[in-house]
Visitor: 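One structure is given below, represented as structure tokens, and several questions about it will come after.
Since the structure is predicted, the reported quantities are computational estimates derived from the model, not experimental observations. What's counted below: heavy atoms across the whole structure, side chains too, no hydrogens, waters or symmetry copies.
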Amino acid sequence: MLPTVSKGRSQSSASRANPMFLQYLRRIVKWQQMDVEYSFWQMLHLCTSPKVVYQHTKYHKQTKNQWARDDPAFVVICSLLLTVATLAYCAAYDHSAAHAVYVVISVLLFHFFVTGVVLATCCWFLTNSYLREEAPNSHVVEQRVEWLYAFDVHCNSFFPMFVLLYVIHYFLSPLLVAHGFIPILLSNLLYMVAASYYHYLNFLGYDVLPFLERTTFFLYPIGAVIVLSPILILSGFNPSRYFMNIYFSQRL
């Protein structure tokens with residue numbers, strides 16, 4: 001029998017997603033409507049006890065009937081913090097104000113938004129196409145991962161990585177960009193921890209969805225990171241020098 005019911009539900013889900021996304025975008029310019037305190041609470045617990053954050057995601061689904069945030073405060077705060085951190089790097093390593101503006105825009109657009117959109121879209125497609133549980137019958141309401149939720153998961157995973165690779169890295173950068181084995185070792189360890197924690201939070205974000213299966217797939221990149229790190233260390237590759245050279249090569 002053809003799954004005509006599921007198709008109708010999919011179209012209905014898509015039609016509901018568009019107004020939700022437009023409302024989300026409109027709230028970006030309305031600071032008074034943002035729950036800033038709750039966003040900072042989430043940021044703190046993403047670094048200390050991330051399972052608590054995703055437990056609250058279940059409550060949000062029960063009260064708002066959607067998995068994704070309807071409040072853009074988390075994204076706005078992340079963008080502001082990323083801008084401040086990039087300006088700090090520019091103050092320490094840049095050689096001109098014009099180039100500093102270019103660096104801030106590049107980091108904000110590429111490191112956060114473009115990369116986030118690409119990764120969220122890939123995870124959204126992967127989960128909806130291959131990781132959803134098969135409905136036992138046509139009368140069960142079909143559930144799908146919202147694209148905005150996939151972007152939320154990326155933002156949640158990005159924040160602890162931001163703390164490690166932008167904030168802590170900034171204070172350690174005089175040591176990490178130096179020549180020698182110790183800077184190479186410390187830099188690779190820092191990047192290994194940041195990348196592994198990113199993928200662990202990614203796993204938690206999708207594992208909380210009851211209609212997905214085989215979500216341990218999102219833990220597999222951690223194994224690749226752990227295997228690759230010793231190889232990079234032994235080869236003498238310093239990720240801190242590499243990425244800093246992209247923007248501040250004249251000062252390193």
Side-chain angles (χ1 to χ4, degrees), residues 46-47 50 78 81-96 99-100 102-123 125-126 150 153-206 214-252:
L46 284 169
C47 298
C78 269
L81 293 175
L82 186 58
T83 300
V84 172
T86 307
L87 287 173
Y89 276 94
C90 291
Y93 294 100
D94 214 339
H95 54 276
S96 73
H99 187 259
Y102 162 76
V103 171
V104 171
I105 295 175
S106 298
V107 169
L108 194 59
L109 289 181
F110 179 73
H111 288 207
F112 187 45
F113 286 109
V114 174
T115 303
V117 167
V118 171
L119 290 175
T121 302
C122 291
C123 291
F125 175 79
L126 176 67
V153 172
H154 164 74
C155 292
N156 290 346
S157 304
F158 176 86
F159 181 75
M161 188 169 66
F162 159 79
V163 173
L164 289 169
L165 297 185
Y166 288 83
V167 180
I168 295 177
H169 185 280
Y170 173 79
F171 293 104
L172 297 178
S173 58
L175 171 62
L176 297 177
V177 300
H179 294 279
F181 177 75
I182 297 300
I184 292 173
L185 176 64
L186 294 178
S187 180
N188 276 281
L189 288 177
L190 184 63
Y191 274 80
M192 181 187 72
V193 171
S196 298
Y197 199 64
Y198 174 90
H199 289 292
Y200 171 66
L201 291 186
N202 221 33
F203 158 73
L204 290 182
Y206 294 104
R214 303 186 304 275
T215 52
T216 51
F217 170 83
F218 292 102
L219 293 174
Y220 294 164
I222 298 177
V225 170
I226 294 174
V227 171
L228 186 61
S229 293
I231 298 174
L232 295 177
I233 293 171
L234 295 175
S235 66
F237 176 74
N238 187 327
S240 295
R241 287 190 64 86
Y242 175 80
F243 289 110
M244 294 282 283
N245 271 317
I246 293 176
Y247 294 110
F248 310 116
S249 57
Q250 297 185 14
R251 297 295 298 274
L252 297 179

Visitor: How close do F218 and C123 get, heavy atom to heavy atom, and via which atoms?
Guide: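 Looks like CE2-SG, 3.9 Å.
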
Visitor: Could I get the full list of side-chain contact (heavy atoms from CB on, under 4.5 Å) partners for C78, not counting sequence neighbours?
Guide: M43, F74, F112, F159

Visitor: Check step by step if side chain to side chain contact (heavy atoms under 4.5 Å, CB included) holds for I233 and F181.
Guide: CA-CA 8 Å; I233 293 171; F181 177 75; 3.7 Å; yes

Visitor: Given the rule in the ring pair (Phe, Tyr, Trp, His ring centres under 6.0 Å) test, do F243 and Y191 qualify, once you have shown the distances and angles that lead to the verdict?
Guide: CA-CA 11 Å; F243 289 110; Y191 274 80; 5.7 Å; yes

Visitor: Taking side-chain hydrogen bond (donor to acceptor under 3.5 Å, both in side chains) as the test, write out the residues that go with N156, two or more places apart.
Guide: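 side-chain hydrogen bond (donor to acceptor under 3.5 Å, both in side chains) check on N156 returns Y54, R69.
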
Visitor: Would you mind reporting whether L201 and P160 have side-chain heavy atoms less than 4.5 Å apart?
Guide: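 Counting from C-beta outward, P160 and L201 do come under 4.5 Å.
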
Visitor: Identify the heavy atoms of T215 and F203 that sit nearest to each other, and give their distance.
Guide: O-CD1, 3.3 Å

Visitor: Could you list the donor-acceptor pairs under 3.5 angstrom formed between side-chain atoms of residues 163-177 and any protein atom two or more places apart in sequence or on another chain?
Guide:
{"residue": "Y166", "atom": "OH", "partner": "H111", "partner atom": "ND1", "Å": "2.7"}
{"residue": "H169", "atom": "ND1", "partner": "Y89", "partner atom": "OH", "Å": "3.0"}
{"residue": "H169", "atom": "NE2", "partner": "S240", "partner atom": "OG", "Å": "2.8"}
{"residue": "S173", "atom": "OG", "partner": "Y93", "partner atom": "OH", "Å": "2.7"}
{"residue": "S173", "atom": "OG", "partner": "Y170", "partner atom": "O", "Å": "2.7"}

Visitor: Look at the side chain of N188 and the backbone N and O of F237, then say whether any donor-acceptor pair between them is shorter than 3.5 Å.
Guide: yes

Visitor: What residues form a side-chain hydrogen bond (donor to acceptor under 3.5 Å, both in side chains) with S229, not counting sequence neighbours?
Guide: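 Listed in chain order: nothing, the list is empty.
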
Visitor: Do L126 and F217 come close enough that some side-chain heavy atom pair is under 4.5 Å?
Guide: yes

Visitor: Do you know the tightest heavy-atom contact between A194 and M161?
Guide: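 Where A194 meets M161 most closely, the heavy atoms are CB-CG, 3.9 Å.
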
Visitor: Using the side-chain hydrogen bond (donor to acceptor under 3.5 Å, both in side chains) criterion, which residues pair with T83? Sequence neighbours excluded.
Guide: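 Residues passing side-chain hydrogen bond (donor to acceptor under 3.5 Å, both in side chains) with T83: none at all.
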
Visitor: List the atom of I184, the atom of G236, and the distance in Å for their closest heavy-atom pair.
Guide: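 Looking at all heavy atoms of both residues, the shortest contact is CD1-O, 3.4 Å.
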
Visitor: I would like to know whether T86 and L108 meet side chain to side chain contact (heavy atoms under 4.5 Å, CB included); could you show each step before the answer?
Guide: CA-CA 9 Å; T86 307; L108 194 59; over 6 Å; no

Visitor: Can you sort out the partners of L119 under side-chain contact (heavy atoms from CB on, under 4.5 Å), two or more places apart, ordered by chain and number?
Guide: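 With neighbours one apart ignored, the set is T115, H154, Y198.
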
Visitor: Is there a side-chain contact between Y200 and S157 in this structure, where contact means two heavy atoms from C-beta onward sitting under 4.5 Å apart?
Guide: no

Visitor: Looking at V153 and G205, what are the two nearest heavy atoms and their distance?
Guide: CG2-CA, 4.0 Å

